[in-house]
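Inspection log for the structure reproduced underneath, given as structure tokens.
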Amino acid sequence: MKIVAERMKKLRTSIKLSQMKISKMSGCLQSSIARYETEQAVPPLELLLWYADHFDVSLDYIFGRTDNPQGKLYENKPKIIPNTEEMRQFIEMCFDPTSSVSEQLKNTMLEMFSREGRGE
């Protein structure tokens with residue numbers, strides 16, 4: 001895929017790494033890196049995962065699904081549904097049951113979501 005080749009090269013050159021240097025770092029042959037960057041071969045998934053981890057970008061970015069290096073997940077804005085059993089369980093899980101301060105905070109959050117659910 002053209003976009004994958006372009007992104008691999010862009011990531012490498014963005015921090016001024018040679019193909020030889022990136023090959024040593026990733027454990028891949030320099031000739032393989034050259035083939036991946038020129039679309040002569042398809043890079044293995046393990047190498048793409050290494051690129052994502054090393055350059056701190058998402059696979060969505062490497063595959064061209066987004067131009068945002070952090071990927072699409074960061075754009076996800078789940079809808080919070082107050083006053084549901086699922087939300088109550090989530091809030092319960094977030095606080096230490098042995099701490100009185102945590103207990104107070106948990107109860108305050110539960111009350112806030114309860115009010116939100118009633119439209120107050």
Side-chain angles (χ1 to χ4, degrees):
M1 291 175 61
K2 184 177 181 177
I3 190 71
V4 173
E6 291 171 354
R7 295 281 166 96
M8 286 179 71
K9 184 174 182 177
K10 181 179 179 180
L11 290 168
R12 178 181 60 77
T13 59
S14 71
I15 57 172
K16 299 179 177 27
L17 288 176
S18 67
Q19 288 180 347
M20 183 58 76
K21 182 71 173 173
I22 202 85
S23 72
K24 288 180 182 176
M25 294 168 65
S26 66
C28 192
L29 295 173
Q30 183 273 328
S31 58
S32 295
I33 298 293
R35 286 194 309 274
Y36 303 147
E37 289 184 0
T38 57
E39 294 182 86
Q40 295 174 1
V42 177
L45 182 57
E46 293 80 15
L47 181 62
L48 295 176
L49 288 171
W50 183 88
Y51 266 71
D53 290 342
H54 182 77
F55 292 101
D56 195 23
V57 297
S58 72
L59 286 173
D60 280 338
Y61 175 76
I62 291 173
F63 281 102
R65 293 181 58 188
T66 181
D67 290 331
N68 179 359
Q70 287 82 31
K72 290 185 173 190
L73 269 178
Y74 290 87
E75 298 168 11
N76 186 19
K77 297 176 183 162
K79 183 176 179 182
I80 297 174
I81 303 172
N83 209 20
T84 62
E85 180 61 21
E86 184 178 32
M87 182 56 70
R88 188 193 66 70
Q89 288 176 357
F90 175 75
I91 292 171
E92 291 278 347
M93 176 185 73
C94 291
F95 293 96
D96 178 6
T98 62
S99 166
S100 62
V101 172
S102 285
E103 185 68 22
Q104 291 171 347
L105 288 170
K106 178 186 75 174
N107 289 334
T108 300
M109 293 232 7
L110 288 168
E111 179 60 31
M112 285 172 43
F113 279 109
S114 176
R115 286 185 199 155
E116 181 74 23
R118 293 190 304 256
E120 294 179 16

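Residue numbers count from 1 along this sequence. These values consider heavy atoms only, across backbone and side chains, with no hydrogens, waters or symmetry-generated copies.
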Treating Thr13 as the side-chain partner and Lys16 as the backbone partner, does any N or O pair qualify as donor plus acceptor under 3.5 Å? no
For Glu103, is there an ion pair with Lys106 - N to carboxylate O distance below 4.0 angstrom? yes
Is there a donor-acceptor pair closer than 3.5 Å between any side-chain N or O of Arg35 and the backbone N or O of Ala41? no
Restricting to non-hydrogen atoms, name the atom on Met25 and the atom on Leu17 that form the minimum distance, rounded to 0.1 Å. SD-CD1, 4.0 Å
Kindly indicate whether the side chain of Lys9, heavy atoms from C-beta on, has any atom under 4.5 Å from the side chain of Tyr36. no
Steps toward side-chain contact (heavy atoms from CB on, under 4.5 Å) verdict (Cys28, Ile33): CA-CA 7 Å; Cys28 192; Ile33 298 293; 4.1 Å; yes
Work out which heavy atom in Pro69 is nearest to a heavy atom in Asp67; give both atom names and the distance. CD-O, 3.3 Å
Does a side-chain heavy-atom distance below 4.5 Å link Gln89 with Met93? no
side-chain contact (heavy atoms from CB on, under 4.5 Å) between Glu111 and Asn107, intermediate numbers included: CA-CA 6 Å; Glu111 179 60 31; Asn107 289 334; over 6 Å; no
How far does SG of Cys94 sit from CE of Met109, to the nearest 0.5 angstrom? 7.0 Å
Let me see the working for Thr66 and Asn68 under side chain to side chain donor-acceptor pair (under 3.5 Å), right down to the final yes or no. CA-CA 5 Å; Thr66 181; Asn68 179 359; 5.1 Å; no
Partners meeting salt bridge (Lys or Arg N to Asp or Glu O under 4.0 Å) with Asp53 (sequence neighbours left out): none
Can you name the closest pair of heavy atoms from Gln30 and Ser23 and give their distance? N-CB, 3.5 Å
Tyr51 pairs by side chain to side chain contact (heavy atoms under 4.5 Å, CB included) with which of Leu11, Leu59, Val4? Leu11
Side-chain heavy atoms under 4.5 angstrom apart, residues restricted to Ile, Leu, Val, Met, Phe, Trp, Tyr: same cluster for Phe55 and Met20? no
Do the numbers put Arg7 on top of the ring of Phe63, so that NZ or CZ is under 6.0 Å from the six-membered ring centre and no more than 45° off the axis? no
Test Met8 against every option in Leu48, Ile3, Ile22 by the side chain to side chain contact (heavy atoms under 4.5 Å, CB included) rule and name the one that passes. Leu48
Once the angle between the rings of His54 and Trp50 is folded into 0 to 90°, is it parallel (under 30°), tilted (30 to 60°) or perpendicular (over 60°)? parallel
So, do Glu37 and Gln19 sit near enough that their side-chain heavy atoms are less than 4.5 Å apart? yes
Transitively linked via ILVMFWY side-chain contacts under 4.5 Å: Leu49 with Ile62? yes
